[in-house]
Amino acid sequence: MATEMIEFAVNGTNARGYLATPESGSGPGVIVLQEWWGLVPQIKAVCDRLAAQGYTALAPDLYHGEMAGHTEMDKAGELMTGLPPDRAAKDMLGAVNALLAHDACSSSSVGVTGFCMGGLLTLRLCALAGDHVSVAAPFYGAPLGDDSIDWSNLTAKIEGHFAASDEFFPPEACEALAQQLRDLGKDVVFHVYPGTGHGFTNEENPMGAWNEDATATAWGRTLELLGTIR
């Protein structure tokens with residue numbers, strides 16, 4: 001496996017991201033979208049885990065170098081609310097284009113996964129990127145109540161993973177969104193994991209919700225989905 005920070009073009013400027021490539025040198029592309037903490041080592045480790053499974057994974061640095069520690073929830077909240085939506089959209093689309101153009105990417109479309117804020121952004125990116133994204137796995141995050149999103153370009157198969165107890169993203173509201181998308185003809189399934197709380201797949205346990213069994217199930221489902229990247 002090889003890892004590096006790369007720069008890629010975004011509307012006349014540059015953005016950065018963490019790239020992990022498999023030992024074989026190439027594999028299907030996956031975009032990894034950060035939690036509200038930023039591009040922290042745990043998110044880089046997700047890229048590494050994907051590379052170990054044969055994927056080329058890129059996590060764009062949406063905060064442009066800023067990050068918050070797990071004891072700095074107020075700062076994390078400020079970083080998230082201060083993230084300009086237009087800039088985030090441009091950076092994510094730039095990351096998709098950069099990954100598809102990279103020699104280490106063997107697929108003609110990408111998969112996307114993200115966590116918390118990154119789960120929400122995963123769904124937004126699917127709507128923005130159209131058929132450049134073929135599959136997506138958002139984790140405990142969704143754009144609830146956001147009527148500004150045009151879902152007409154969404155073509156990805158989506159399989160989401162949500163906590164049964166989550167004040168940030170209540171499972172009932174998330175399932176209502178999934179049903180809304182299914183009513184539009186989209187291929188969407190959201191799994192809710194009993195006995196779990198927000199952040200249950202983060203092994204560093206910043207929210208006190210780490211659940212090894214649920215993580216193993218969700219990760220297995222995600223790898224199966226990513227195996228269908230076109």
Side-chain angles (χ1 to χ4, degrees), residues 1-11 14-22 26-40 42-64 83 85 87-143 149 153-161 201 218-219 221-230:
M1 182 197 319
T3 63
E4 61 179 324
M5 292 295 297
I6 66 168
E7 290 193 354
F8 51 89
V10 177
N11 280 20
N14 285 336
R16 301 171 71 245
Y18 178 81
L19 180 73
T21 56
S26 67
V30 181
I31 297 291
V32 177
L33 298 175
Q34 67 196 47
E35 293 185 293
W36 66 345
W37 313 110
L39 183 56
V40 294
Q42 191 270 336
I43 289 295
K44 293 179 179 180
V46 173
C47 294
D48 295 348
R49 196 177 309 143
L50 288 167
Q53 294 290 328
Y55 296 95
T56 296
L58 174 62
D61 181 4
L62 300 179
Y63 289 164
H64 291 196
L83 177 63
R87 192 188 79 188
K90 290 173 183 175
D91 285 356
M92 291 190 297
L93 288 170
V96 170
N97 292 333
L99 186 54
L100 288 173
H102 200 284
D103 290 343
C105 179
S106 63
S107 54
S108 58
S109 64
V110 301
V112 182
T113 190
F115 307 84
C116 180
M117 180 188 83
L120 181 159
L121 291 174
T122 292
L123 289 161
R124 286 184 176 169
L125 179 56
C126 288
L128 289 168
D131 59 8
H132 285 160
V133 177
S134 54
V135 300
F139 280 76
Y140 36 81
I149 299 176
N153 286 331
L154 188 157
T155 60
K157 179 178 181 179
I158 297 172
E159 190 169 358
H161 308 279
T201 68
W219 186 249
R221 286 169 167 165
T222 298
L223 289 176
E224 185 174 351
L225 177 70
L226 295 176
T228 65
I229 293 172
R230 298 190 296 270

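Computation of the quantities below employed the complete heavy-atom set of this structure, encompassing side-chain atoms and omitting hydrogens, waters and symmetry-equivalent molecules.
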Is there a side-chain contact between [X] and [Y] (heavy atoms, below 4.5 Å)?
X: Thr3; Y: Lys44; result: no
X: His64; Y: Asp91; result: yes
X: Val96; Y: Leu128; result: no
X: Tyr140; Y: Cys116; result: yes
X: Ile31; Y: Met92; result: no
X: Ile229; Y: Val30; result: yes
X: Lys90; Y: Leu93; result: no
X: Gln34; Y: Tyr18; result: no

Would you name the heavy atoms of [X] and [Y] that are closest together and state the gap between them?
X: Ala20; Y: Asp48; result: CB-OD1, 3.8 Å
X: Leu100; Y: Ser107; result: CD2-O, 3.8 Å
X: Val135; Y: Ala156; result: N-CB, 4.0 Å
X: Val32; Y: Pro60; result: O-CD, 3.4 Å
X: Leu58; Y: Ala95; result: CD2-O, 3.6 Å
X: Ala127; Y: Ile149; result: CB-CG2, 3.8 Å

Donor-acceptor pair, side chain of [X] and main chain of [Y], under 3.5 angstrom:
X: Arg221; Y: Gly160; result: no
X: Ser134; Y: Ser109; result: no
X: Ser26; Y: Ser106; result: no

What's the spacing between [X] [atom1] and [Y] [atom2] if we round to 0.5 Å?
X: Asp61; Y: Ile6; atom1: CG; atom2: CD1; result: 12.0 Å
X: Arg49; Y: Met1; atom1: CZ; atom2: CE; result: 10.5 Å
X: Leu154; Y: Leu125; atom1: CG; atom2: CG; result: 10.0 Å
X: His132; Y: Thr155; atom1: NE2; atom2: OG1; result: 9.5 Å
X: Thr228; Y: Leu223; atom1: OG1; atom2: CG; result: 11.5 Å
X: Phe8; Y: Leu99; atom1: CZ; atom2: CG; result: 9.5 Å

**Test ring-ring contact (aromatic ring centres under 6.0 Å, His included) applied to Phe115 and Trp219, Trp36, Phe139, the passing residue** = Phe139
**Item:** Between Thr222 and His161: side-chain donor-acceptor atoms closer than 3.5 Å
**Value:** yes
**Asked** Under the side-chain contact (heavy atoms from CB on, under 4.5 Å) criterion, do Leu226 and Thr113 qualify, and how do the steps go?
**Response** CA-CA 9 Å; Leu226 295 176; Thr113 190; 5.8 Å; no
**Message:** Set out, in order, the CA-CA distance, both residues' side-chain angles and the distance that settles side-chain contact (heavy atoms from CB on, under 4.5 Å) for Leu39 and Arg16, then state yes or no.
**Reply:** CA-CA 10 Å; Leu39 183 56; Arg16 301 171 71 245; over 6 Å; no
**Prompt:** How far apart are the C-alpha atoms of Glu35 and Val40, what are their side-chain angles, what is the distance that settles it, and do they pass the side-chain contact (heavy atoms from CB on, under 4.5 Å) test?
**Reply:** CA-CA 9 Å; Glu35 293 185 293; Val40 294; 6.0 Å; no
**Request:** Show your working on side-chain contact (heavy atoms from CB on, under 4.5 Å) between Arg124 and Leu33 and close with a plain yes or no.
**Result:** CA-CA 11 Å; Arg124 286 184 176 169; Leu33 298 175; over 6 Å; no
